[in-house]
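First up is the structure itself, then whatever we jot down about it.
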Amino acid sequence: MQLAELTWPAVQALNKDTPVVLPVAALEQHGHHLPLFTDSLLLGEVVRRTVERVGHRALFAPLTWLGNSDHHLDFAGTLSAPPRTYLDVLGGLLENCLQHGFKRLVFINGHGGNDVPGKQAVFEIRQRHRQRQDLLLLFATYWNLADPSRITPLNLRQREMGHACEWETSMMLRLAPGLVKEFKNLDPVEAGLGFAPATRAWITRERTTLGHIGHPRDASAEKGEALFTVFTDGLVAFLERVMAWDGKGWSG
Ligand SMILES: [Zn+2]
């Protein structure tokens with residue numbers, strides 16, 4: 001069910017245990033070979049496939065394409081909400097949904113830079129409404145919802161998501177091949193360990209010259225379809241857990 005297509009009385013009449021799904025992504029550089037809208041296009045496709053399977057059991061808001069991409073601003077075209085601004089945007093969206101009576105609010109994210117502000121947003125709003133015991137506020141990144149045992153057999157070069165990498169390039173080849181420029185000659189850029197397990201603050205240009213991190217030259221449309229399938233299955237399974245929540249318990 002698409003929020004954008006409903007009237008306000010129709011929204012008011014909905015069962016307020018209906019999960020509200022808020023997709024959030026970005027518009028930022030994706031190397032020399034992928035378009036700036038890559039994260040939004042890919043998450044949009046995962047959500048599109050998910051809506052077909054979940055139907056009227058969840059309410060899907062339109063994708064918020066403006067994300068926190070300050071670390072990519074050295075590359076032309078990137079548009080970013082600064083992290084504190086973005087935190088307030090996400091918190092505001094949650095407050096909007098609470099105002100309308102909904103209790104199960106789920107951010108589905110498609111961009112790494114949204115991870116910290118997204119987790120902070122659900123944390124802050126939970127504290128603000130600490131007297132309530134009926135709220136489920138969640139933030140999840142779509143590729144982390146995948147069943148790892150389904151990723152392994154795909155014979156991917158990369159073990160995890162990078163940036164404009166084998167995984168993203170593969171999905172773009174499947175979704176919109178006309179938007180993918182030459183990628184077969186791009187040298188891999190390893191993700192590296194940084195100072196793991198510490199979190200090192202970073203800007204993109206200190207890790208990559210062209211803009212990609214990972215192995216885009218190993219991409220294929222077949223891998224892209226396989227990834228879309230696994231990611232969609234993961235998101236559907238996750239939303240089933242949200243819908244099955246008993247409305248008060250910790251686990252789900
Ligand atoms: Zn991306």
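Each ligand, and each atom within it, is numbered from 1 in the order the structure gives. Any value given below was found using the heavy atoms of this structure, including those in side chains, with hydrogens, waters and symmetry copies removed.
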Of all N/O/S atoms in Asp39, the name of the one nearest the Zn ion (ligand 1) = OD1
ask   = So which of the N, O or S atoms of Glu168 lies nearest the Zn ion (ligand 1)?
value = OE2
query = Is Tyr142 close to Met161 at the side-chain level, that is, under 4.5 Å between some pair of heavy atoms?
reply = yes
message = Can you tell me if, anywhere in His163, an N/O/S atom lies at a distance from the Zn ion (ligand 1) that is smaller than 2.8 Å?
response = no
message = Is any side-chain heavy atom of Phe238 closer than 4.5 Å to one of Arg241?
response = yes
query = Regarding Lys16 and the six-membered ring of Phe102, is the cationic atom NZ or CZ under 6.0 Å from the ring centre and inside 45° of its axis?
reply = yes
query = Among all residues two or more places apart in sequence or in another chain, which pass the salt bridge (charged side-chain N to carboxylate O under 4.0 Å, His left out) test with Asp88?
reply = none
